Number of protein chains: 2
Amino acid sequence: MIDLDVVDRKILDLLQEDGRMTNAELADKINLSPSACLRRVRRLEDEGVIAGYVMLLDQRAIGRPDDIFIEITLVSQSQECQEAFERAVRECRDIMECYLMAGEADYLLRVAAAGTADYERIHKSHLSRLPGVSRIRSNFALRTVCKTTAFTCRI
Amino acid sequence: MIDLDVVDRKILDLLQEDGRMTNAELADKINLSPSACLRRVRRLEDEGVIAGYVMLLDQRAIGRPDDIFIEITLVSQSQECQEAFERAVRECRDIMECYLMAGEADYLLRVAAAGTADYERIHKSHLSRLPGVSRIRSNFALRTVCKTTAFTCRI
DNA sequence: CCTGAAAGGGACTGCGA
DNA sequence: TCGCAGTCCCTTTCAGG
């Protein structure tokens, strides 16, 4: 576990909000010279604190506004069964997230779809064909209340 | 709904993978001049296709490796009840996502915690104090099988 | 750990096609 | 739309404290 000082936290907060902020602007906001600022950012990247930088698409604008959460139960929790299922999940580009769960269902998935008709297609051609599935339960999200990729770096 | 040509899709694919790629490198990869490339990126930003650029933190490295999915049922689905609940949710920095759901539970939340003890703290001091809650059901994720912020721009 | 200087490269704009 | 060319700013490294 890496320890982060106040300046590191400020850097992380700012870059979580704007991943393309220039080093010069970042340095200015934390009152540090650009070279010192860059060295800290590189250190955070090298240490693995910073996982990466990404562009986010607007789900609506690209025509996939709907989120569906899917609980999946497997016929068996054997290692082979899980591995086969997970391999297939990772290859399906409609599945945005997948978690192995404690509790009732074995897996929780999030799929992004273009309405119910598109979800039916995804269900038919992908989800129902995932190996070792015994039960699928789909839950539609009506609206996203909030969503963030940013963690609060408590100072 | 905006129509995106093949070049736009390539731009979106590349920037979703690396949000800090320089315009010069991006232009090179799509075989376009930097000025033409930059113009397209700006158009995609202005049109709202690109929602933004963010840095991603490694949940493990910052000491919050655990994801908990929480189904919440309200005492009433009246508009006031929903609004009060959602306002409180948006102010809680431990809640990473919240969706209004169709189906059994009213809301689905994701919380990032530092182990079960930390989740107990979050549950006690935040979740159980959210207004109008009748039932809370917590589901721990044992492992993240896959997770992406990137949509496939089918070419 | 920091600052500052210097070189090299990128971002952005205006113009002609 | 594109590409080109010019200007300005940023990135990055290195020397020195």
Side-chain angles (χ1 to χ4, degrees), chain A residues 1-58 60-64 149-155, chain B residues 1-58 60-64 149-155:
Chain A
M1 182 73 197
I2 301 119
D3 70 331
L4 308 166
D5 66 17
V6 180
V7 179
D8 290 327
R9 285 167 212 273
K10 275 191 196 166
I11 290 174
L12 296 178
D13 279 340
L14 289 163
L15 286 177
Q16 281 188 109
E17 265 190 43
D18 176 7
R20 282 199 79 119
M21 186 180 291
T22 65
N23 182 60
E25 188 182 347
L26 186 60
D28 190 58
K29 291 199 182 191
I30 61 173
N31 298 313
L32 214 61
S33 67
S35 54
C37 181
L38 184 64
R39 214 171 312 122
R40 277 173 180 269
V41 172
R42 290 285 176 267
R43 205 198 71 219
L44 292 166
E45 288 169 355
D46 294 341
E47 280 171 341
V49 177
I50 295 175
Y53 304 88
V54 299
M55 184 198 77
L56 299 177
L57 286 181
D58 185 306
R60 272 226 179 81
I62 59 165
R64 290 171 74 179
T149 60
F151 294 87
T152 306
C153 293
R154 304 182 188 100
I155 300 176
Chain B
M1 180 73 198
I2 301 120
D3 69 332
L4 308 166
D5 66 18
V6 181
V7 179
D8 289 328
R9 286 168 211 271
K10 276 190 194 167
I11 289 173
L12 296 178
D13 279 342
L14 289 164
L15 286 178
Q16 280 188 110
E17 266 191 42
D18 177 8
R20 282 200 79 119
M21 186 180 292
T22 64
N23 183 59
E25 187 182 348
L26 184 63
D28 190 59
K29 292 200 181 191
I30 62 173
N31 297 314
L32 214 62
S33 70
S35 56
C37 181
L38 186 63
R39 259 188 304 263
R40 277 174 181 266
V41 172
R42 291 285 175 265
R43 204 198 73 221
L44 292 166
E45 289 169 354
D46 293 341
E47 280 171 341
V49 176
I50 294 176
Y53 304 87
V54 299
M55 185 198 76
L56 299 177
L57 286 182
D58 184 305
R60 270 221 183 84
I62 59 163
R64 288 169 77 178
T149 59
F151 294 87
T152 306
C153 293
R154 306 181 186 98
I155 299 175

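Below, chain A is the first sequence line, B the second, and so on; all start at residue 1. Because the structure is predicted, anything quoted here is derived from the model rather than measured.
- Within the structure, a side-chain polar atom (N or O) of B/Arg40 is placed less than 4.0 Å from OP1 or OP2 of D/dC2.
- Put simply, the side chain of B/Arg20 gets close to the backbone of A/Met21: a donor and an acceptor are under 3.5 Å apart.
- Nearest-nucleotide positions on DNA chain D for A/Pro34 and B/Val7 put B/Val7 closer to the 5' end.
- Below the 3.5 angstrom threshold, one finds a donor paired with an acceptor across the side chain of B/Ser35 and the base of D/dC4.
- Computed from coordinates, the A/Leu38 CG to D/dT12 P distance equals 5 Å when rounded to whole Å.
- Residues A/Phe151 and A/Leu12 form no side-chain contact, since every pair of their non-hydrogen atoms from C-beta on lies 4.5 Å or further apart.
- Atom CG of B/Leu32 and atom C1' of D/dC4 are 13 Å apart (whole Å).
- Take the nearest nucleotide of DNA chain C for B/Glu25 and for A/Ala36: the residue whose nucleotide is more 5' is A/Ala36.
- In this structure, A/Arg20 places its CZ atom 7 Å from P of C/dA11, rounding to the nearest Å.
- Distance from the side chain of B/Asn23 is smallest to C/dA11 among C/dA11, D/dG3, D/dT11.
- At a threshold of 4.0 angstrom between heavy atoms, the contacts of B/Thr22 are confined to the sugar-phosphate backbone, with no base atom among them.
- Residue A/Ala24 is in sugar-phosphate contact alone, with no base atom involved, counting any heavy-atom pair closer than 4.0 Å across all strands shown.
- Scanning both residues, A/Val7 and A/Arg40, for their nearest heavy atoms gives CB-NH1, 3.6 Å.
- Considering all non-hydrogen atoms of both residues, A/Cys37 and A/Ile30 come closest at SG-CD1, 3.9 Å.
- Atom-to-atom, CZ of A/Arg39 to P of C/dT3 comes out at 9 Å; the value is rounded to the nearest Å.
- The side chain of B/Arg42 contributes an N or O atom lying less than 4.0 Å from OP1 or OP2 of C/dC12.
- Between the NZ atom of B/Lys29 and the P atom of C/dG10 there is a distance of 13 Å, given to the nearest Å.
- The CG-C1' distance, from A/Asn31 to C/dT3, rounds to 14 Å in whole Å.
- In this structure the side chain of A/Leu32 never reaches within 4.5 angstrom of the side chain of A/Lys10, judged on heavy atoms.
- Spacing between atom CG of B/Asp28 and atom P of D/dG3 amounts to 12 Å, rounded to whole angstrom units.
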